Amino acid sequence: TQLLEQSPQFLSIQEGENLTVYCNSSSVFSSLQWYRQEPGEGPVLLVTVVTGGEVKKLKRLTFQFGDARKDSSLHITAAQPGDTGLYLCAGAPTGNQFYFGTGTSLTVIP
Amino acid sequence: DSGVTQTPKHLITATGQRVTLRCSPRSGDLSVYWYQQSLDQGLQFLIHYYNGEERAKGNILERFSAQQFPDLHSELNLSSLELGDSALYFCASSVASLSSYEQYFGPGTRLTVT
């Protein structure tokens with residue numbers, strides 16, 4: 001069982017559609033991060049959410065941290081082919097051990 | 001470019017062998033993290049060093065070891081290699097000692113064990 005479960009695991013959508021990716025845990029996190037990874041490359045940090053209920057926007061991407069700080073979501077509006085990639089949530093619930101989520105592989109079809 | 005460098009980019013070796021992966025963090029970063037990414041396990045945290053000292057251990061096998069040197073670069077040593085060790089190995093660096101702080105990833109080393 002993974003500490004951070006993401007859903008869906010795979011997502012294939014048409015350009016211009018909206019989508020939401022979920023990151024869930026039974027543990028409380030002081031903060032959660034979202035990364036995007038392209039094939040053969042290292043993950044790139046998109047955002048860090050810290051406060052329960054916090055909403056952060058990055059152009060067409062909206063990130064939300066759950067009120068109880070156990071879950072987070074990523075919403076993409078009007079998806080573009082350049083959004084294609086593996087989206088990973090990550091955090092450290094206790095101590096200094098860092099966990100990545102199971103990942104959501106997004107494909108945006110032109 | 002994250003500023004984190006890793007060498008080599010690709011490594012092909014045989015079972016039972018030993019290899020060393022190298023990582024140079026971003027200028028000014030004191031923390032180095034090592035991760036293993038395989039298709040079936042996803043991205044797994046291995047170990048974290050801060051300013052030369054080990055801070056946290058994750059799912060790191062006893063056959064694997066790491067260290068961070070005074071110049072802050074780090075090496076991950078993998079020994080008695082098995083087929084299942086084939087994976088992408090990433091290092092990441094961060095300015096802080098807390099792993100919840102932003103981490104910047106290198107391009108990775110792809111290890112193939114034959």
Side-chain angles (χ1 to χ4, degrees), chain A residues 1-10 21 23-25 27-52 54 56 58 63 65 69-70 72 85-106, chain B residues 1-6 9-10 21 23-26 29-51 53-60 87-112:
Chain A
T1 304
Q2 295 273 9
L3 191 68
L4 286 165
E5 293 282 348
Q6 289 184 237
S7 61
Q9 187 177 357
F10 298 98
V21 174
C23 172
N24 294 292
S25 178
S27 297
V28 175
F29 288 78
S30 58
S31 65
L32 273 179
Q33 300 172 2
W34 283 93
Y35 291 81
R36 189 171 75 117
Q37 184 180 19
E38 299 194 18
E41 299 183 9
V44 175
L45 180 69
L46 296 174
V47 78
T48 300
V49 285
V50 179
T51 307
E54 180 179 7
K56 278 192 174 178
L58 187 66
F63 304 85
F65 201 11
R69 292 184 287 123
K70 292 183 177 181
S72 182
L86 179 67
Y87 289 82
L88 296 157
C89 62
T94 59
N96 226 17
Q97 184 152 346
F98 202 65
Y99 294 90
F100 275 87
T102 49
T104 294
S105 180
L106 171 66
Chain B
D1 185 352
S2 66
V4 178
T5 60
Q6 288 187 249
K9 192 162 178 60
H10 300 279
L21 312 184
C23 169
S24 292
R26 294 187 318 160
D29 284 358
L30 299 179
S31 273
V32 170
Y33 304 82
W34 286 98
Y35 296 89
Q36 179 193 58
Q37 187 173 38
S38 59
L39 283 174
D40 57 343
Q41 292 290 321
L43 199 57
Q44 299 286 320
F45 166 70
L46 295 178
I47 198 163
H48 168 208
Y49 277 86
Y50 176 76
N51 203 21
E53 292 189 6
E54 182 185 302
R55 277 302 180 107
K57 261 187 178 179
N59 301 320
I60 188 166
L88 267 169
Y89 290 84
F90 289 104
C91 83
S93 74
S94 173
V95 64
S97 61
L98 289 175
S99 64
S100 55
Y101 215 80
E102 286 86 343
Q103 298 182 31
Y104 295 86
F105 282 76
T109 293
R110 182 175 292 279
L111 173 67
T112 303

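Proteins get letters first, then strands, A, B, ... in listed order; numbering begins at 1 in each. Because the structure is a prediction, the values reported are computed rather than measured.
In this structure, the portion of A:Y35 lying under 4.5 Å from any heavy atom of chain B is its side chain and not its backbone. Using a 4.5 Å cut-off between heavy atoms, B:Q44 contacts chain A through its side chain alone, with no backbone atom that close. Neither the backbone nor the side chain of A:L32 comes within less than 4.5 Å of any heavy atom in chain B.
Residues satisfying the salt bridge (Lys or Arg N to Asp or Glu O under 4.0 Å) criterion with A:E41, sequence neighbours excluded, are absent altogether.
Enclosure of atom CZ in A:R36 by more than 12 non-hydrogen atoms of other residues, nucleotides or ligands within 6.0 angstrom is indicated.
When all heavy atoms are compared, the tightest approach of A:L45 to B:E102 is CD2-CG, 2.8 Å.
Side-chain contact check for B:Q37 and A:Q37: at least one donor-acceptor pair (N or O, by modelled atom type) lies under 3.5 Å.
Between A:F98 and B:Y33, the two ring planes are tilted [angle within 30° to 60°].
Between the CZ atom in A:F100 and the OH atom in B:Y35 there is a gap of 5.0 Å [rounded to 0.5 Å].
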